[in-house]
Amino acid sequence: MPTVTFLPGFQKVEVPKGDSILSAARKAGLPVNVVCGGIGKCGKCVMFLKSGRTEFDNQRYEEFFTAEELHNGACLACRTYVIDDCQVFVPEQTLIQSQQILIDTLGHTVDLNPSVWKYHLQLKPPTLDNPISDLDRLLDGVHDAGGPVDKRIYAPLELLRRIPSVTRESGWNVTATIALVPGGYRLIHIEKGDTRKKMYGAAVDLGTTTIVVFLRDLTTGQVLGVTSNYNRQISCGEDILSRVNYGKLGGFPKLQALAAESINAAIQTAANAAGVDIDDIYEVVIAGNTIMTHILMGIDPSYMIHEPYVPVVRRALSTSASRIGLSVRPNGGIFIFPAVSDFIGGDIIADILASGMTGSSDISLMIDIGTNYEVVLGNNDWIFACAGAAGPALEGGEVLFGMRANPGAIEKVSIDPATLEPTFSTINNSNPLGICGSGLIDILAELLKACVIDRNGRINTAIPHPRIRPGPYYPEYVLVWKEKAGINKDIVITENDIKNLIMSKASTLAACTVLMNVAGITRTDIKTIYFAGGFGNYINKDHATTIGLIPEVSIDQIKNLGNGAAEGANMALLDRKKRKLLNEIAEKIGYIELNATPSFMDEYTRSAFLPHTDLSLFPTVERALQQCRIRVVNP
Amino acid sequence: MALKPLEIYKLLPKKNCKECGEQTCLSFAMKLAQGKADPASCPYLDSEAKAALSSQTGAPIAKITIGMGSRMITIGEETVFYRHDKTFYHEPAIIYRVVDTAPAEEITALAARIREEKITRIGIDLQVNGLAVDLGSGSLKQSVTAVTTANEGGDIPLVLQSEDPEILKACLAVCGNYNPLICAATEHNYRELCDLAKKYDAPLVVRAPDVEKIGALSKECMGLGIKKIVLDITGADSGEYLSRATLVRSLALTRTAPELGFPILLDCSGSVPDNIVTGIVKFASVLITPQLPVAEMTTALVLRQNIYTDPQKPIQMTPGLYRIGDPGPDSPVFMTVNFSLTFFTLQGYLEAARVPCFLLIVETEGMSVLTSVAAGKLNESVVAEWITKTSLADEVNEKKLIIPGYASPLSGRIEDATGWKVVVGPRDAADIGRFLTEEWK
Amino acid sequence: MNYILPHTWSGSIQTVTIGATKQEGGTRSVSYEIGGDTDLPFMNRSGKKPLLAYEICDDTAIWPQVVRDAMPKGISDPASWAAYGEKTLKPDCIRLNLTSTRKPNSSDFASISATVQSVLAATTLPLIIEGSADPAVDSEVYIRCGEAGQGERLVLGTAEADRYRSVAAAAMAYDHIIIAQTPIDVNLAKQLNILLRETGIPDNRIIIDPYTGALGYGFEYTYSTMERIRFAALKGDDDLAMPMISAPADSLTVKEIRESDSPSEIAVSWERATAVASAIAGAAILVVRHPGTVLPLRTAIDALWEGSRREVSDGA
């Protein structure tokens with residue numbers, strides 16, 4: 001088999017002849033940035049062939065390269081096929097880099113009420129006068145130490161086997177670990193001596209792309225470490241649908257194993273850094289989308305992606321670590337967040353928990369934006385939720401120079417309305433390579449305020465300015481000239497990019513409006529808007545309102561929830577009482593199927609305008625645009 | 001105005017007892033708001049809440065049937081002023097009129113025409129609905145003979161047009177058990193006609209010179225126990241009819257005048273084609289007209305089908321492979337959704353372009369391209385499924401598929417899932433001609 | 001008991017004046033004020049009677065076959081066609097469709113000026129012009145039309161969401177009315193009006209064309225869109241308060257006509273029915289192409305509105 005060597009790191013892999021460089025890279029563990037899923041459409045997986053033979057149709061994909069790049073052996077890894085041994089150079093921007101994955105959270109204070117307890121017991125050895133069994137002796141001790149009565153504690157066989165030796169070898173000085181499980185308690189560990197201080201738990205946000213793990217000391221609540229990893233299932237498909245399709249061809253066991261492996265790796269990293277033995281992790285709480293948690297539990301989710309979109313389970317699930325391949329304490333408890341529908345999963349329930357929106361009569365709107373969006377509206381009395389497809393534009397997909405939030409991504413932009421000259425900043429202050437979601441929102445808002453685009457997103461090509469030009473396919477605005485760019489091209493935003501962005505934002509805003517209409521409320525009834533997920537942390541909230549991504553409220557009413565999924569998982573890890581609340585939240589949610597809502601398309605069309613067809617819904621934006629117009633017309 | 005889910009929810013007991021069959025009170029409220037649940041299934045509603053919810057249910061315009069059997073006409077039950085607010089439910093019945101002095105063969109031929117003539121569009125048969133016999137001869141015998149002839153077969157719904165109780169009585173003796181529409185009660189004859197209507201349990205038209213008097217008469221008939229009423233509000237011309245129809249429909253919908261909560265009849269004899277158009281778009285449920293030439297009949301039936309299409313459930317095409325002209329193995333293949341309007345528009349422009357081609361229609365539940373892309377109903381698996389189902393690959397030499405411009409985000413995924421080369425076509429079907437001449441080969 | 005309509009309206013339809021007489025700086029024999037209605041289109045004979053426009057073109061290659069077959073003999077150019085229309089069919093206005101600009105790479109802009117001038121000379125009625133459909137030639141075409149009709153208060157079409165600047169500029173420069181066309185959607189209609197206003201076109205220079213789908217092939221969408229526009233306007237939405245134009249030309253090319261043995265009969269019936277339904281939904285100008293449609297449509301409209309079309313001035 002040919003060997004592919006990746007430069008500059010010299011990772012070597014053997015692949016069958018005819019395999020793509022992309023699959024070789026994945027095999028080598030390189031996190032290649034593939035927005036289109038590896039079908040030659042996004043032009044992000046650029047690599048350079050340095051030696052050896054491959055097959056690549058460079059004419060077909062020439063739009064992605066300059067002549068100079070082609071001369072230097074540029075190719076798209078997904079469409080380049082290995083013939084012989086070869087060496088391939090991987091530019092930095094081709095890799096998904098230390099992406100801005102959210103690990104900071106709102107920092108709720110929760111009561112420390114974990115669902116595991118450790119009891120240090122100095123038991124009296126058995127005598128002829130006191131011949132009760134070892135187990136009863138142990139459990140009596142637990143009860144005497146303040147634990148539950150012995151009848152309610154189940155002791156699994158593996159532990160029964162340990163009891164005689166551990167008790168006697170320690171001189172009856174042991175620590176018993178008891179966990180609260182559905183229907184009672186369970187003895188999950190017995191150790192020699194006093195190990196009460198060694199009781200840890202992990203809270204996991206199981207995402208389609210990323211896994212975030214918080215390691216916490218369950219005796220103090222302290223965070224001992226946070227790690228994030230890519231979900232290793234990515235090798236079986238970029239998005240959820242392709243993974244389910246992979247699963248349907250017999251791949252679910254592999255997907256399950258990869259999910260467990262990804263969580264294990266993240267836990268291991270955090271534990272190593274904190275000097276914690278993973279065997280002392282007694283509980284793992286996992287919030288993830290419905291498909292991900294089904295797969296992790298080994299439940300076939302494939303029926304859920306077809307009508308009538310019914311999940312196998314909605315309620316919260318508990319099991320023990322060994323049954324799903326998590327390498328913590330084998331009898332350690334696993335708690336999986338409940339779900340509502342195929343789209344509203346445990347991650348969203350965790351967001352809701354973390355936001356605290358169900359704790360008061362004030363109405364909150366929570367939005368989680370990615371390629372798909374989930375929107376939740378409600379208070380302590382009622383909750384409505386819906387989900388839909390926003391398209392990848394807001395994450396930089398389907399945008400000519402769009403990219404993820406990696407170093408070199410233009411993340412903040414302002415445009416002088418008089419000179420139309422932009423000022424921008426990039427992540428890590430690297431040379432600009434492309435534009436990420438927050439930058440795109442800025443550009444849209446600034447071009448609108450500068451009257452370069454109309455409210456339909458059309459570029460006014462009648463403006464005589466070097467940055468505004470007809471472009472090869474669509475009119476475009478030049479954000480960065482080639483000389484200043486970290487790539488050998490002008491970085492532009494085209495009218496088509498703008499159209500895609502407007503379609504994405506329109507879908508999100510329409511979903512918000514549909515929920516508000518169902519509830520019969522208006523924007524002034526909303527007390528707080530929460531952004532869940534990474535998105536909200538980086539975007540300019542003013543600009544998000546200006547383009548009409550969200551209903552207009554005052555800026556101080558918009559809050560970032562951060563990684564609500566991880567936050568919610570942490571809360572449920574530390575305070576078992578929150579778990580009861582989760583099922584209540586999940587049951588309370590009224591799920592609105594947007595496809596079955598006739599007004600959705602109407603709201604979508606109304607929202608496919610900047611910021612919205614009805615400006616009276618955006619009074620502040622209306623005033624701002626008027627002022628801009630005056631300034632632009634009479635500079 | 002219908003209540004919103006949350007307004008209904010506030011009236012519910014919030015016990016989440018599941019006894020109504022729903023998981024929660026909130027989901028029950030959502031079903032109620034969509035009219036998909038009955039307030040009575042909640043055992044814990046207090047009487048006040050029940051009253052509030054029940055006033056929302058039940059159509060404000062009565063449901064009436066005319067005739068029996070497979071051609072029975074159902075009218076009424078309308079709930080909105082504008083079709084876009086929900087939908088118009090029951091198409092107006094188009095009734096051909098014949099005079100009782102006409103020869104029997106003519107009456108029989110007209111009944112046969114009503115029975116057999118149809119045009120088929122989008123898989124639906126469109127037909128004229130019934131026969132009105134104008135009993136104006138003044139001869140009891142002639143009237144009875146005409147009605148007997150018209151009622152041969154008993155399948156064609158009849159309207160008996162006379163204000164003479166004696167003639168109606170005699171004719172009803174012939175056809176009364178076939179649920180004919182008695183047309184019409186006036187202030188002079190309504191007592192006798194109400195008796196007849198009750199005897200045969202047949203629907204009754206009320207007629208008076210203006211809407212106030214029609215309302216008063218309708219009230220009188222209701223007082224006599226008549227429940228199946230049709231209001232004849234035909235005016236001097238289509239303009240007067242329109243004003244009257246608007247008034248009657250508005251008052252019926254607001255439930256302010258229960259005596260107007262009945263279907264409307266328009267006699268189109270004055271200026272036939274324009275009255276029919278006016279009646280179809282604005283609220284008529286029974287349209288009486290002399291028999292129409294084929295062109296005018298087609299217009300009326302098609303307009304009626306258009307206006308009574310549920311705006312929220314677009315007409316769907318059957319997915320599959322369609323041929324424009326006589327395409328061969330080198331002809332282009334277009335793909336689009338099964339929304340009928342999209343199909344017809346595209347078909348029109350493709351025919352106009354005079355390039356024979358294949359048109360692959362995939363199942364998107366009748367959604368347009370833009371909507372089905374946004375909703376994920378148009379996706380690579382659907383396209384792959386229909387390429388396979390139609391054995392499209394056997395039809396053409398080159399696997400090349402032209403997809404709608406608005407589906408361009410799917411192009412890569414379709415290529416991957418199908419192995420076909422995808423060409424993104426224009427967004428607007430009007431550009432198809434130019435696309436075929438300039439960009440295709 | 002006295003029945004009273006349970007609704008009242010707060011808005012009214014914007015008035016737009018089309019055509020210009022000598023006193024108004026043009027050469028038309030008449031000008032019309034459309035719009036101004038304060039109730040549903042037909043209610044109690046209120047509001048103005050819709051105008052009937054007879055549509056001609058400068059290149060019949062893409063004109064519906066059924067209309068070409070019905071054309072009287074001896075008409076060789078748009079001017080004689082317009083004169084025939086005015087004299088024989090007595091419409092309220094003429095619409096000239098510059099179909100010659102639809103040919104690929106059309107660039108004979110000088111002849112456009114000449115055509116417009118000749119038609120203006122041949123008819124005394126206000127003129128509606130349907131210009132090009134290609135952004136590449138829009139600017140040239142609309143400038144020629146605007147220039148040739150300066151002072152005549154033409155109705156210039158068509159502005160669309162992705163190509164409105166050229167026609168807007170010509171309408172502004174030469175003082176004409178503009179037709180704003182959107183594909184059968186109330187929200188898109190509103191958006192285009194907003195875009196036009198933001199380029200400086202005053203509301204009383206805009207006529208909404210919600211696009212008239214063919215009867216049997218989507219006309220119901222048009223019908224509802226027009227009802228929604230009218231309803232919104234009466235409820236006080238200024239962005240949708242402009243009068244509407246409806247041109248049921250698509251109803252002339254449907255399969256039922258193409259495949260019929262007596263196409264003309266069906267064509268007239270379909271075109272007229274579509275126009276009447278559009279009028280009931282709120283259209284202020286009805287544009288028809290088949291010469292056989294004009295007179296029966298006039299009768300139908302007269303039966304709906306006893307009239308109150310106000311002629312601003314008589315140019316005689």
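Hydrogens, waters and symmetry mates play no part in the numbers below; they use all other heavy atoms, side chains included. Chain identifiers are assigned alphabetically (A, B, ...) following the order of the sequence lines, protein sequences preceding nucleic acid strands; residue numbering begins at 1 within each chain.
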### Message
One pair to check against salt bridge (charged side-chain N to carboxylate O under 4.0 Å, His left out): D92(C) and R298(C). What are the steps and the verdict?
### Response
CA-CA 10 Å; D92(C) 301 309; R298(C) 169 79 70 201; 3.3 Å; yes

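- Neither the backbone nor the side chain of I119(B) comes within less than 4.5 Å of any heavy atom in chain C.
- The aromatic ring centroids of F343(B) and Y322(B) lie less than 6.0 Å from each other.
- For chain C, the option among R244(B), Q347(B), E351(B), E296(B) with the highest count of heavy-atom pairs below 4.5 Å is E296(B).
- The shortest distance between side-chain heavy atoms of S264(C) and D69(C) does not fall below 4.5 Å.
- Geometrically, R304(B) does not engage F88(B) in a cation-pi contact defined by less than 6.0 Å to the ring centre and at most 45° from the axis.
- Of the atoms belonging to T278(B), heavy atoms from both backbone and side chain fall under 4.5 Å from chain C.
- L40(C) touches chain B through its side chain: at least one heavy atom from C-beta onward sits under 4.5 Å away, while N, CA, C and O do not.
- Interface remark: F81(B) contributes side-chain atoms only to the contact with chain C (heavy atom separation under 4.5 Å).
- Contacts between residues 270-282 of chain C and chain B, defined by a heavy-atom separation under 4.5 Å, are made by W270(C), R272(C), A273(C), V276(C), A277(C), I280(C).
- T254(B) touches chain C through its side chain: at least one heavy atom from C-beta onward sits under 4.5 Å away, while N, CA, C and O do not.
- Both the backbone and the side chain of E240(B) come within less than 4.5 Å of a heavy atom of chain C.
- The residue among A300(C), G216(C), P183(C), G213(C) with the most heavy atom pairs within less than 4.5 Å of chain B is G216(C).
- In this structure Y211(C) satisfies the ring-ring contact (aromatic ring centres under 6.0 Å, His included) test with no other residue, sequence neighbours excluded.
- With a 4.5 Å cut-off on non-hydrogen atoms, Y223(C) touches chain B through its side chain but not through its backbone.
- Classified by interplanar angle (parallel below 30°, tilted 30° to 60°, perpendicular above 60°), the ring pair W9(C)/H7(C) is tilted.
- Of the options R228(C), R230(C), K190(C), a salt bridge (charged side-chain N to carboxylate O under 4.0 Å, His left out) to D237(C) is made by K190(C) and by none of the others.
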